[in-house]
Amino acid sequence: MGTIEKFDSYVMGTYGRYPLVMEKGENCRCVDENGNYYVDFGSGIGTNSLGYCDSDWVEAVCNQAKTLQHTSNYYYTKVQADFAAKLCSATGYAKVFFGNSGAEANECAIKLARKYSFDKYGENRNKIITLQNSFHGRTMCTLSATGQDVFHNYFFPFMQGFDYAQANNIDDLEAKLDGSVCAVMIEFVQGEGGVNVLDEDFVRDLFELCKSKDILVIADEVQTGIGRTGKLLAAQNYNVRADITTLAKGLAGGLPIGACLVKDKCAEVLTKGMHGSTFGGNPVCCAGGNAVLNKVCDANFLDEVVRKGRYIRARLEALDEVVSVSGMGLMIGVTLKTKNAADVAKLCLENGLLVLTAKEKLRFLPPLTISQHEIEAGMEILEKLLSN
Ligand SMILES: *Cc1c(COP(=O)(O)O)cnc(C)c1O
């Protein structure tokens with residue numbers, strides 16, 4: 001039995017997979033089981049922030065796996081302590097909770113926001129406003145938080161206590177911020193929703209409104225965080241700091257980890273026994289995270305992300321088939337004039353380039369370490385396909 005046949009016989013068919021069996025990779029290039037090479041503009045889904053098999057990352061991860069692969073959270077590990085300290089000091093947050101995924105990081109943020117409000121204001125102030133077209137995860141709670149009707153099917157009953165405001169419409173948001181609201185959760189750039197960037201004015205007004213009502217702002221930076229937009233956090237592009245920030249995708253360079261970071265005023269809200277995760281803060285993942293932060297926290301590294309993003313954007317904007325380019329840094333959405341994004345993504349794969357889609361757009365989340373040479377190789381394939 002071939003791999004694809006075996007896979008489909010035994011793994012649930014929850015994904016529309018491309019017929020590609022990936023075998024290995026190096027930085028922005030990967031190789032399938034037949035020896036075909038691809039330039040990868042997706043990096044997992046923005047998870048392989050340092051590309052495939054960065055040598056420092058591999059060394060850190062392997063050393064940790066050989067030393068102590070896991071222990072329960074009833075004990076301490078130096079590697080989790082080091083990672084937490086590094087992450088908090090780099091992002092300016094007071095404390096962190098580690099889970100294993102973006103959805104879990106958001107679950108933690110939601111529980112924490114409700115408990116914060118319960119402690120100060122009692123019951124019935126527990127609603128969380130998210131934005132239309134948002135994406136916050138696949139658990140029951142984060143599906144409920146997700147502001148897209150297509151995700152609110154089949155699995156009834158969904159959780160109560162969520163409502164959805166229009167992005168970039170401060171009047172709509174303000175009208176929804178009544179006495180029942182404890183938090184507003186946003187993505188600065190909606191990823192799955194179509195690489196939609198929030199307006200600066202909207203973000204500034206949202207933060208001011210929430211502050212005046214002691215409503216917590218939760219920034220879901222699962223996709224935008226860890227250098228993706230050219231800053232360590234996308235919030236820095238807006239000069240704001242959310243009360244709570246969640247991270248996951250690129251945080252450990254391709255290993256599963258999620259982080260919920262909080263300011264001082266939220267640092268003692270969750271206490272002993274209130275939240276947990278068996279694998280959360282796993283030593284191997286933390287070792288990978290340390291290797292990521294060692295590179296991504298550097299100002300020159302982040303400047304390069306900005307430069308490479310600008311370069312790709314300019315190349316795209318010069319194409320007839322491209323209507324517009326959205327995004328920030330190396331998080332890029334492309335609206336096409338006549339072609340269908342899913343069809344183009346399939347064609348790209350057949351021609352040696354891996355890209356993602358988001359709604360009607362092509363979406364690129366290349367490794368932050370992508371080289372100029374790899375950019376050229378990928379853009380040449382794309383330009384050829386888009387000019388046919
Ligand atoms: C991917 C994503 C999630 C969910 O992350 P998982 O690790 O798949 O649970 C949540 N929020 C945003 C913004 C995401 O892009």
Side-chain angles (χ1 to χ4, degrees), residues 12 14-17 42-49 97-113 128-148 150-152 155 159 162 164 167 183-198 203 217-229 233-235 237-238 242 244-261 277 279-282 285 288-289 292 326-333 356-359 361 363-366 368:
M12 288 187 207
T14 59
Y15 289 91
R17 290 178 215 274
S43 65
I45 301 180
T47 48
N48 300 340
S49 41
F97 176 88
F98 291 119
N100 311 288
S101 67
E104 284 175 75
N106 288 338
E107 290 269 349
C108 178
I110 290 163
K111 284 175 74 173
L112 195 149
I128 299 191
I129 307 294
T130 67
L131 298 181
Q132 291 171 14
N133 223 22
S134 56
F135 180 80
H136 297 297
R138 297 287 195 157
T139 60
M140 283 308 302
C141 179
T142 55
L143 274 181
S144 305
T146 291
Q148 301 185 51
V150 291
F151 288 100
H152 300 158
F155 314 119
M159 281 199 61
F162 292 94
Y164 317 98
V184 173
M185 179 150 80
I186 58 166
E187 297 157 271
F188 290 104
V189 185
Q190 292 182 332
E192 307 305 310
V195 197
N196 310 315
V197 181
L198 290 188
V203 169
V217 179
I218 304 170
D220 177 349
E221 294 228 34
V222 167
Q223 191 159 153
T224 56
I226 308 301
R228 180 52 59 189
T229 67
L233 299 180
N237 294 301
Y238 294 86
I244 306 175
T245 287
T246 57
L247 298 169
K249 288 193 167 78
L251 181 56
L255 290 175
I257 196 164
C260 177
L261 290 157
S277 164
F279 279 116
N282 168 273
C285 300
V292 168
S326 63
M328 272 182 187
L330 285 173
M331 179 171 185
I332 297 169
L356 305 165
T357 59
K359 291 280 152 60
K361 294 183 189 177
R363 175 173 47 149
F364 304 155
L365 299 170
L368 306 178

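As the structure lists them, so they are numbered: ligands from 1, and atoms in each ligand from 1. Everything numeric in this text was worked out from a predicted model, so none of it was measured.
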Tabulation required: pairs of a nitrogen or oxygen in ligand 1 and a protein nitrogen or oxygen under 3.5 Å; columns are atom names and distance to 0.1 Å; otherwise 'none'.
residue: ligand 1; atom: 7 (O); partner: Gly102; partner atom: N; Å: 2.8
residue: ligand 1; atom: 9 (O); partner: Gly102; partner atom: N; Å: 3.4
residue: ligand 1; atom: 9 (O); partner: Ala103; partner atom: N; Å: 2.8
residue: ligand 1; atom: 11 (N); partner: Phe135; partner atom: O; Å: 3.3
residue: ligand 1; atom: 11 (N); partner: Asp220; partner atom: OD1; Å: 3.4
residue: ligand 1; atom: 11 (N); partner: Asp220; partner atom: OD2; Å: 2.7
residue: ligand 1; atom: 15 (O); partner: Gln223; partner atom: NE2; Å: 2.7
residue: ligand 1; atom: 15 (O); partner: Lys249; partner atom: NZ; Å: 2.6

With sequence neighbours left out, the residues meeting ring pair (Phe, Tyr, Trp, His ring centres under 6.0 Å) with Phe151 are Phe135
### Query
Going through the distances and angles, do Phe162 and His136 end up as a ring pair (Phe, Tyr, Trp, His ring centres under 6.0 Å)?
CA-CA 12 Å; Phe162 292 94; His136 297 297; 8.8 Å; no
Please examine the side chains of Leu247 and Leu233, heavy atoms only from C-beta on, and report whether any two atoms are closer than 4.5 Å. yes
Hey, are the side chains of Val189 and Arg228 touching, using non-hydrogen atoms and a 4.5 Å cut-off?
no
Tyr15 meets the side chain to side chain contact (heavy atoms under 4.5 Å, CB included) criterion, sequence neighbours left out, with Arg17
Residues passing the side chain to side chain contact (heavy atoms under 4.5 Å, CB included) test with Asn196, sequence neighbours excluded, are Asn133, Gln190, Lys361
